[in-house]
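Report on the structure given below.
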Amino acid sequence: MRRKVFLRKLVGITVVFSLAVSLLPQKASAENPIVQNVYTADPAPMAYGDTLYLYTSHDEDELVGNFYTMFDWKCYSTKDMVNWTDHGTIMSKDSFKWAEDRAWAPQCVERDGKFYLYVPLHKKSGGMVIGVGVSDSPEGPFEDAIGKPLVDQGDWNNIDPTVFIDDDGQAYLYFGNPKLRYVKLNDDMISYDKTTGIVDIDMNVESFGEGASDRTCSYGEGPWFYKRNNLYYMVYAAFAPGGKSEHLAYSTSTSPTGPWKYQGVIMPFQGGCFTNHPGVVDFMGHSYLFYHNQALPGGGSYHRSVCAEEFTYNEDGTFPELNMTKEGPEPIRALNPYDQVEAETFSWGTDVETESCPTGGINVCNIKNGSSLKVRNIDFGEKGPIRFHASAASEGEKDAAIELRVDSEDGPVIGEVKIADTGSTEQYNIFTTNVEKITGVHDLYLCFTGSSEEELFKFDYWYFEKEPEPVVTEPPAASQTPSVTPPPATQAPVITPEPGSKTEPGTDTIKVAKVKGLSVKSIKGTKAKVKWNKVKEAAGYEIRYSTDKKLKKKVKKITTSKTTYTVKKLKKGKTCYFKVRAYKKGAKGKKIYGSFSSVKKLK
């Protein structure tokens, strides 16, 4: 697999490299692996609200010393279990000044509005340790929470952390290879109870099953700890008697600290990869097992790929035995094509890459003639769309276009949008085309064409537009009372709305919600990543920022259609204040603004 290197900046002065890899051409019939543009391993799912986040480690293309070569962690998310949004690199070994390499299996948990990413690393002074990152967002970026390892015993055993917060608020951090150990985390989630200390679990056959001859039981590594219906589960990678490759097994307990009872195999050794690593989650009424194999082209034990399977627990709470499939889970909801859809949200991509977008977030890049994206289970509704819009950036005339096909790569074309030269690959314009009649639920294929062998353009987001609903005005009801001569009418005062008001003359009232969830993160001193929650049906957003606390003097304004933006050329060493408001389009395209968010300060 071929890959380009793109610079991605994290909190503070940390700089990491987000490596983008081209997807080799192959038919989009399968949905496993769920990530195709990089090699990913060690899946860690986290359900948060209506979104499932997936954190993974990242196998580099080029090996160092013919061993696991891993420097950073990735994040993906989904609302429907088939289309995944790429959030890029969320943390790197370089985020930890004391770390050397081996950015292995992560897990993220939320507590009190903060997100904690637990990761194993090899420290510069030697030995495997467990570090912890913290962020205000599940999408990161994460920064070193304590400036040193959280767990440091100096041996190989300090790998593969898994964290669970019990009903009584006590958080447990399990980890280990070849032994299973745990600590009780304090409420701050970045320290542990030193009185209890690091506890070793008794590794015996009754607890973890019969294993290979060089082990006391089948437990190998990669624990995943959780609770369901008052029963505690420990799922892990295991070695069968005589086996040299890992399968997935599990044990249960009525206590979070054991004793554990071996329950059996969940997934036998399959897929060719020496290792496996489980992640189990309930999401929107469904249960899922995540794992990895070597299914992508060029795959192997050091080039792995994350997959998922849906399953149903047996009535007694035990697991059914599961097998790896190419199909993966079925969609659990339809995608709305009339909302803005990020280009990096798709179920399958062919010959494309992703990178950091200059306007914030991620964009799709390295788009060539013949590249494509598949987006599954789109509900066009009963009336269907009339137009398609795409945000793209291109430099030079390349006769580039996006063909919109339904249900297969060679399915019917419902529209084609031409992508012209925007003058720069950092200058994004909106390109529009009319579309043929299409209704109901379909898969959408965005097929890219062009005359150049080079990259055609960069792709940020897209959406369909539907015919506006007609406004029906009911005639006034006939009067049933005798006619009465009214008193002389008094002319109502004419109210002229101020700029930024939510109404305008001659239109119905347009309500625009207040922007919430504003956060501002510093990036290398002179830049800031500004993020906020999406406002329903907003056409765009206005960012205002200044060194003036009241935002009255020297105010700068930026307009964007996204919910994240990187502000550049801030004054180094100066405190800056930010606020954001949303707008909708009224009559004649006039912007109708909502209320500003609360002000956020960036030192």
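The structure displayed is predicted, hence computed values, not measured ones.
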Determine whether the side chains of [X] and [Y] contain a donor N or O and an acceptor N or O closer than 3.5 Å.
X: Lys74; Y: Thr89; answer: yes
X: Lys531; Y: Thr564; answer: no
X: Glu344; Y: Thr354; answer: no
X: His58; Y: Asp72; answer: yes
X: Asn366; Y: Glu355; answer: no

Is the CG atom of Asp214 crowded by more than 12 outside heavy atoms at less than 6.0 Å?
->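 Enclosed.
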
Decide if atom CG of Asn230 counts as having more than 12 heavy atoms of other residues, nucleotides or ligands within a radius under 6.0 Å.
->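 Counting neighbours around CG of Asn230, 12 or fewer heavy atoms of other residues, nucleotides or ligands fall under 6.0 Å, so no.
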
What class does the angle between the rings of His292 and His277 fall in, given that below 30° is parallel, 30 to 60° is tilted and above 60° is perpendicular?
->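 His292 vs His277 ring planes: parallel.
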
Tyr313 and Phe311 aromatic ring geometry - parallel, tilted or perpendicular at 30°/60° bounds |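 The rings of Phe311 and Tyr313 stand perpendicular, inter-plane angle above 60°.
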
Within the 6.0 Å centroid threshold, strictly below: Tyr68 and Tyr302 | yes

Assess the pair Tyr48 and Phe115: is the distance between their ring centroids shorter than 6.0 Å?
-> yes

Test ring pair (Phe, Tyr, Trp, His ring centres under 6.0 Å) applied to Tyr236 and Phe225, Trp224, Phe208, Tyr250, the passing residue = Phe208

